[in-house]
Amino acid sequence: MEKTLVLIKPDAFRKHYSGDIIKHYENEGLKILAMKLMKMDEKIASKHYAEHIGRPYYDDLMGFMTSGPIIAMVLEGEDAIANVRRINGKTNPAEADEGTIRKLYAESGSRNAVHASDSPESAAREIAIFFNASEILD
Ligand code: CDP
Ligand code: MG
C-alpha cells in the first residue's frame, strides 16, 4: 500500500467542487487517512513547491495557492501515487483525458483544481509538510 498527498486547490474549493473531487478518489478505492481544511501561507507554499523556485510561473503559483482555502489529504491505496495522478489527469486540462478531475473541474494549466505527489520521495516529503504522524489514521 502506498500513501500520497492530495491538495484541492483554491480554485476548486472556491467553486464548491471539493465533494465531487473527493468522490472520484473514494470511487476508485482510495482510502482517506488524513484531511484538513486550511489556508496555505507563503512559508508552507514555498516549501511545498520548492522545486519550482525560479520558474517563470512561480510567483503566480505562490499567489494562487495562498489566495484562499485548500483541502489537504493523505490518500492510501495500491499504487496510490500513479493512480491518483491518473485520476487527476494532465497538468493542463486541455490535454487531460475525459473523466479526469482536471478535465472536469480545472480552469487552466495553472488553476488546475488539484495537486498530487509524483513519487514516493515527494509523497513522504509533502505529507510531512501538512500532517503530523498523529493526524494520519492508518
Ligand atoms: O501539478 P503537476 O505535478 O501536474 O504539475 P507541475 O509541472 O509539477 O507544476 C506544478 C503546478 O505549477 C501546476 O499544477 C500548476 O498549478 C503550476 N504551473 C503553472 O502555473 N504553469 C506552468 N507552466 C506549469 C505549472
Ligand atoms: Mg508536480
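Both ligands and their constituent atoms are indexed starting at 1 by order of listing.
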Considering only residues two or more places apart or on different chains, which pairs with a residue in residues 60-74 satisfy salt bridge (charged side-chain N to carboxylate O under 4.0 Å, His left out)?
Asp60-Arg111

Does Asn88 use its side chain to pair, donor to acceptor, with the backbone of Ile101 at less than 3.5 Å?
no

Parallel, tilted or perpendicular, judged at 30° and 60°: which one describes the rings of His115 and Tyr49?
perpendicular

Residues around ligand 1, heavy atom under 4.0 Å from any ligand atom, sorted by chain and number. Can you pull those?
Lys9, Tyr49, His52, Tyr57, Leu61, Arg85, Thr91, Arg102, Gly109, Ser110, Asn112

Could you tell me whether the side chain of Arg102 and the main chain of Asn92 form a donor-acceptor pair under 3.5 Å?
no

Test Arg86 against Glu28 for salt bridge (charged side-chain N to carboxylate O under 4.0 Å, His left out), laying out the working first.
CA-CA 11 Å; Arg86 178 185 58 76; Glu28 297 262 5; 3.3 Å; yes

So Ile70 and Phe13, side-chain contact (heavy atoms from CB on, under 4.5 Å) or not? Walk me through it.
CA-CA 6 Å; Ile70 62 149; Phe13 182 82; over 6 Å; no

